[in-house]
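Reading through the structure tokens given below for one structure.
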Amino acid sequence: MKYSDLKVGDTYEKFQVVEDQHVVSFAQITGDKNPVHLDEEYAKNSVFGGRIAHGILLLGYISAVLGMEFPGPGTIYMSQNAKFLKPVYIGEKIKIVVKIVEKDDNKKRAKLLTNIYKESGELAVEGEAMVSLKFL
Ligand SMILES: C[C@@H](O)CC(=O)SCCNC(=O)CCNC(=O)[C@H](O)C(C)(C)COP(=O)(O)OP(=O)(O)OC[C@H]1O[C@@H](n2cnc3c(N)ncnc32)[C@H](O)[C@@H]1OP(=O)(O)O
């Protein structure tokens, strides 16, 4: 995709299953072995009632969309903010939505809405990213 192909309002959606192996691998890679992600018994007795995905793993799925699909290879992260509004459970099929909300044609940058929805349709992660698209 070229910078000139992208328009404000363009939207991309992707479904992603949060696999147990993703959570286990993420915990091993980063060292975040918080029992709410890994320990069934602990998580069952927590406020969430079951194991949930790391918030940053969820942002990783967004990163993968930005870097590989929309806008795609050449996209460079400048910033990403996020509010984790609802927990996402292991095995859930989430919907990732990326939308171009602003373009800066001089700097070839874009502001993106980056949201994740639960299977129930509830907003789980509300976020915004700024990306450089100079290298598309
Ligand atoms: C460090 C790692 O190992 C751990 C993780 O990664 S945990 C995984 C990522 N986090 C989550 O999955 C958490 C998902 N979010 C929630 O379950 C809930 O939002 C919460 C338990 C964090 C907070 O719930 P609660 O205390 O019940 O708050 P309310 O829903 O009653 O809302 C009250 C007001 O706070 C606002 N708010 C709620 N959550 C957030 C948030 N994440 N960020 C910013 N603001 C939040 C909410 O909008 C309400 O605002 P209002 O103005 O009063 O309406």
Side-chain angles (χ1 to χ4, degrees):
M1 188 162 280
K2 296 197 301 276
Y3 179 81
S4 54
D5 295 332
L6 298 165
K7 290 183 279 312
V8 170
D10 285 355
T11 303
Y12 185 87
E13 295 186 356
K14 180 185 181 180
F15 288 94
Q16 169 76 54
V17 176
V18 179
E19 306 281 359
D20 181 45
Q21 194 52 50
H22 297 174
V23 172
V24 171
S25 295
F26 185 87
Q28 282 166 349
I29 291 163
T30 61
D32 183 352
K33 297 179 182 172
N34 187 332
V36 78
H37 307 302
L38 299 180
D39 183 333
E40 200 67 64
E41 199 55 31
Y42 175 95
K44 205 160 49 172
N45 294 312
S46 76
V47 66
F48 299 113
R51 290 171 57 214
I52 61 170
H54 301 78
I56 304 303
L57 171 63
L58 300 175
L59 297 187
Y61 293 134
I62 292 173
S63 178
V65 167
L66 303 187
M68 301 302 294
E69 296 171 39
F70 182 80
T75 300
I76 300 297
Y77 247 145
M78 297 178 71
S79 64
Q80 171 77 63
N81 66 33
K83 283 185 185 176
F84 301 105
L85 297 171
K86 297 280 176 200
V88 172
Y89 294 90
I90 315 301
E92 261 199 81
K93 191 198 239 182
I94 54 173
K95 183 169 79 171
I96 299 160
V97 178
V98 175
K99 180 177 180 182
I100 300 180
V101 293
E102 273 177 37
K103 273 181 81 185
D104 179 335
D105 292 338
N106 289 325
K107 294 184 175 160
K108 289 199 173 170
R109 291 179 185 173
K111 187 196 276 188
L112 310 173
L113 167 148
T114 55
N115 287 351
I116 293 179
Y117 295 86
K118 289 171 68 64
E119 274 183 37
S120 62
E122 293 171 293
L123 183 59
V125 182
E126 179 181 50
E128 250 182 22
M130 183 64 75
V131 290
S132 171
L133 302 174
K134 257 185 208 174
F135 310 105
L136 285 187

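Every number for a ligand or one of its atoms is a count from 1 in the order of the listing.
Every protein residue with a heavy atom nearer than 4.0 Å to ligand 1 is included here: Asp32, Asn34, His37, Phe48, Ile52, Ala53, His54, Gly55, Lys83, Phe84, Leu85, Lys86, Pro87.
Annotation for Met78: hydrophobic cluster partners, listed by chain and number, are Met130 (ILVMFWY side-chain heavy atoms under 4.5 Å, direct or chained).
A tilted orientation is assigned to the rings of His54 and Phe26, their planes being inclined by 30° to 60°.
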Could you check His22 against Tyr61 for ring-ring contact (aromatic ring centres under 6.0 Å, His included), going step by step and ending with a plain yes or no?
CA-CA 10 Å; His22 297 174; Tyr61 293 134; 5.7 Å; yes
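With hydrogens and angles ignored, the 3.5 Å screen pairs no side-chain donor or acceptor of Arg109 with any backbone N or O of Ser132.
In this structure, Lys103 forms a cation-pi arrangement with Tyr3, its terminal cationic atom sitting closer than 6.0 Å to the ring centre and no more than 45° off the ring axis.
Atom CD of Glu126 sits about 5.5 Å away from atom NZ of Lys83, to the nearest 0.5 Å.
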